[in-house]
*Asks:* 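Here you go, one structure.
What you see is a predicted model, and the numbers here were worked out from it, not measured in a lab. A, B, ... follow the sequence lines: proteins, then strands. Residue 1 opens every chain.
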Protein chains: 2
Amino acid sequence: MAGTPDQPDRISEAEQAVMEALWQRSPLTAQEVCEHVCAERDWSLNTVKTLLSRLVAKQAVATQPDGKRFLYSPRIARSDYLGTESRRLVDRLFGGRAAPLFAHLAQSEGLTPDDIAEIEALLKELKS
Amino acid sequence: MAGTPDQPDRISEAEQAVMEALWQRSPLTAQEVCEHVCAERDWSLNTVKTLLSRLVAKQAVATQPDGKRFLYSPRIARSDYLGTESRRLVDRLFGGRAAPLFAHLAQSEGLTPDDIAEIEALLKELKS
DNA sequence: CGTAGTCGATTACATACGTAAACGATGGAG
DNA sequence: CTCCATCGTTTACGTATGTAATCGACTACG
C-alpha cells in the first residue's frame with residue numbers, strides 16, 4: 001500500500017558528481033555524462049554507468065529510452081539536495097542552529113570579504 | 001621518513017556520537033562513554049568499544065591506562081572537527097563559497113530570527 | 001550473414017561503516 | 001587457589017560506496 005515513509009536514499013559523493021552533470025544539462029546519455037565527469041575524476045565509462053544505475057535505483061534519476069540507449073535526467077532538484085544536505089550538517093554538527101556554523105566558517109577563514117558582503121546583502125533582504 | 005601527508009581519517013557519524021561524549025567531559029572509560037550515548041542511540045557497550053578502537057586507530061582519541069582499563073580522551077579539538085566538516089560541505093555543495101550556503105539555509109527556513117540576529121552581530125565583529 | 005562495437009545489466013571486489021558476539025587476559029571475591 | 005566479572009582485542013557480518021570487468025543483446029559495417 002505504498003506505506004513506506006519514503007525515506008530518500010542518500011546520494012553519495014561520487015553519485016553527486018554525476019548528478020551535477022545532469023543538473024547542468026539534461027537529459028544526457030551515459031556517454032555524455034562521462035564526457036562531463038570522467039576526465040575530472042579519472043573514471044571509466046563503466047563507473048559512470050554503475051553510478052547512474054544506482055541513482056536510478058535510488059529514484060534520484062529518471063530514464064527515458066532513446067533508441068537503443070537511455071537518456072538520463074535528474075528526478076530531484078539540485079536546490080532540494082542542497083537544502084537537505086545543508087540541514088543535515090547543521091543538525092549534526094551545530095544542533096540545528098545556523099549561526100554557530102557561520103561563526104565557524106568565519107573563524108576558520110572560510111569567509112572571504114565577498115562572502116561577508118553578500119551575506120550582508122542577504123540579511124538586508126531578509127529583514128525587508 | 002613519515003612522509004605520508006597525514007590525510008586525517010574521517011570520523012563517521014556513529015563515531016562522532018562517541019567524540020561528542022568525550023568532548024563534553026574527558027577522560028572517560030568505555031563504560032562512562034556508554035552511559036552517555038548507549039541509551040540515546042540504543043547501542044551495546046561492545047559497540048562503543050568498537051567505535052573507541054576505531055577512533056584510536058584514526059588517531060582521533062588518545063588512551064591512557066588506568067589500572068586494568070583505559071581512559072579515553074579526544075585528540076582533536078571539536079572546533080577543528082567542526083571546521084573541517086563545515087568546509088567540506090561548503091566545498092562539496094557550494095563551490096567553497098559560504099554565501100550560497102547561507103542563501104539556502106535562509107530560503108529553506110533554516111534560519112530563525114535569532115540566527116539572523118546572531119549572524120548580524122558576527123558580521124559586525126568581523127568588520128571591526 | 002557474421003562479427004565488432006556499443007548498451008544496459010550483472011557480477012566483482014576492496015574498503016568503510018554500523019552493530020555486535022566471541023575470545024583471552026586479569027584482577028578481585030571467596 | 002579458583003572462578004567470575006570486566007577489560008580490551010579479534011572476528012563477524014550485513015550494507016554502502018568506489019571503482020570497475022564481464023556478459024548478453026542488438027545493431028551497423030563489411
*Asks:* Counting any heavy atom closer than 4.0 Å, what does S12(A) reach on the DNA or RNA strands: base, sugar-phosphate only, or nothing?
*Replies:*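 Sugar-phosphate contact only.
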*Asks:* For a quick check, tell me whether the side chain of R54(B) and the base of dT19(C) share a donor-acceptor pair closer than 3.5 Å.
*Replies:*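 When only heavy-atom distances are counted, R54(B) does reach the base of dT19(C) through a donor-acceptor pair under 3.5 Å.
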*Asks:* For a 4.5 angstrom cut-off between non-hydrogen side-chain atoms, does R10(A) reach R88(A)?
*Replies:*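 Side-chain contact under 4.5 Å: yes.
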*Asks:* Quick check on DNA chain D: between T47(A) and I11(A), whose nearest nucleotide comes earlier from the 5' end?
*Replies:*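 Mapping each residue to its closest nucleotide by heavy atoms, the 5'-most match is I11(A).
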*Asks:* May I ask you to test the L93(B)-Y81(A) pair for a side-chain heavy-atom distance under 4.5 Å?
*Replies:*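 In short, these two side chains touch, coming nearer than 4.5 Å.
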*Asks:* Between D66(B) (CG) and dG27(C) (C1'), how many Å, whole number?
*Replies:*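 Atom-to-atom, D66(B) to dG27(C), this comes out as 14 Å.
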*Asks:* Could you check D9(B) against Q59(B) for side-chain contact (heavy atoms from CB on, under 4.5 Å), going step by step and ending with a plain yes or no?
*Replies:* CA-CA 8 Å; D9(B) 273 310; Q59(B) 314 229 333; over 6 Å; no
*Asks:* Between protein and nucleotides 7-10 of chain D, what N or O pairs are separated by less than 3.5 Å?
*Replies:*
unit_1, atom_1, unit_2, atom_2, d
dG8(D), OP1, F70(B), N, 2.9
dG8(D), N7, K49(B), NZ, 3.3

*Asks:* Tell me, which pairs form a disulfide bond (SG atoms under 2.5 Å apart) where one or both residues lie in residues 48-101 of chain A, sequence neighbours left out?
*Replies:*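 Sorted pair list comes back empty.
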*Asks:* Looking at every strand, decide which applies to D42(A) at a 4.0 Å heavy-atom threshold: base, sugar-phosphate, or nothing.
*Replies:*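 Sugar-phosphate, no base atom in range.
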*Asks:* Quickly work out the E40(B) CD to dT19(C) C1' distance and round it to whole Å.
*Replies:*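 In whole Å, dT19(C) C1' lies 17 Å from E40(B) CD.
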*Asks:* Kindly check if the number of other-residue, nucleotide or ligand heavy atoms within 6.0 Å of CZ (R92(A)) is above 12?
*Replies:*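 Enclosed: over 12 neighbouring heavy atoms sit under 6.0 Å from CZ of R92(A).
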*Asks:* Is any side-chain heavy atom of R97(A) closer than 4.5 Å to one of E118(B)?
*Replies:*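 They are in side-chain contact.
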*Asks:* Just do the side-chain contact (heavy atoms from CB on, under 4.5 Å) check on L55(A) and Y72(A) with the steps written out, would you?
*Replies:* CA-CA 10 Å; L55(A) 285 166; Y72(A) 299 87; over 6 Å; no
*Asks:* Report the residues that fulfil side chain to side chain donor-acceptor pair (under 3.5 Å) with R25(B), sequence neighbours left out, ordered by chain and then residue number.
*Replies:*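 R25(B) satisfies side chain to side chain donor-acceptor pair (under 3.5 Å) with H36(B) once adjacent residues are dropped.
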*Asks:* Rounded to the Å, how far apart are R10(A) CZ and dC17(C) P?
*Replies:*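 It is 13 Å, rounded to the nearest whole Å.
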*Asks:* Roughly, in whole Å, what's the span from CD in E32(A) to C1' in dG8(C)?
*Replies:*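 Nearest whole value for this atom pair: 16 Å.
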*Asks:* Between the base of dG18(C) and the side chain of R41(B), is one N or O donor paired with an acceptor at under 3.5 angstrom?
*Replies:*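 By the distance-only test, no, there is no pair.
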*Asks:* If we fit an axis to the first five pairs and another to the last five of the helix from dC1(C)-dG30(D) to dG30(C)-dC1(D), what angle do they make, to the nearest 10°?
*Replies:*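 Inter-axis angle at the termini of the helix from dC1(C)-dG30(D) to dG30(C)-dC1(D): 30°.
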*Asks:* Which part of the nucleic acid, if any, lies within reach of S44(A) when heavy atoms closer than 4.0 Å are counted: base, sugar-phosphate only, or nothing?
*Replies:*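 Here S44(A) touches the backbone only, sparing every base.
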*Asks:* Rounded to whole Å, how long is the line connecting atom CH2 of W43(B) with atom P of dC17(C)?
*Replies:*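 Atom CH2 in W43(B) sits about 13 Å away from atom P in dC17(C).
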*Asks:* If you take any heavy atom closer than 4.0 Å to DNA chain D, which residues from residues 13-21 of chain A end up in contact?
*Replies:*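 Close to the strand are E13(A), A14(A).
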*Asks:* If I take atom CG in residue D9(A) and atom C1' in nucleotide dT15(D), what distance separates them, rounded to the nearest angstrom?
*Replies:*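 Rounded to whole Å, this separation is 11 Å.
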*Asks:* Is the shortest side-chain heavy-atom distance between L52(A) and L22(A) below 4.5 Å?
*Replies:*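 Contact flag for L52(A)/L22(A) side chains = yes.
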*Asks:* According to the salt bridge (Lys or Arg N to Asp or Glu O under 4.0 Å) rule, which pairs have a member within residues 36-58 of chain B, sequence neighbours left out?
*Replies:*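 Listed once each, the pairs are E15(B)-K58(B).
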*Asks:* Side chain of E32(B), backbone of T29(B): donor and acceptor closer than 3.5 Å?
*Replies:*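 Pair found, side chain donor or acceptor close to backbone of T29(B).
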*Asks:* Do the side-chain N and O atoms of Q16(A) and E20(A) include a donor-acceptor pair separated by under 3.5 angstrom?
*Replies:*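 A donor-acceptor contact under 3.5 Å links the two side chains.
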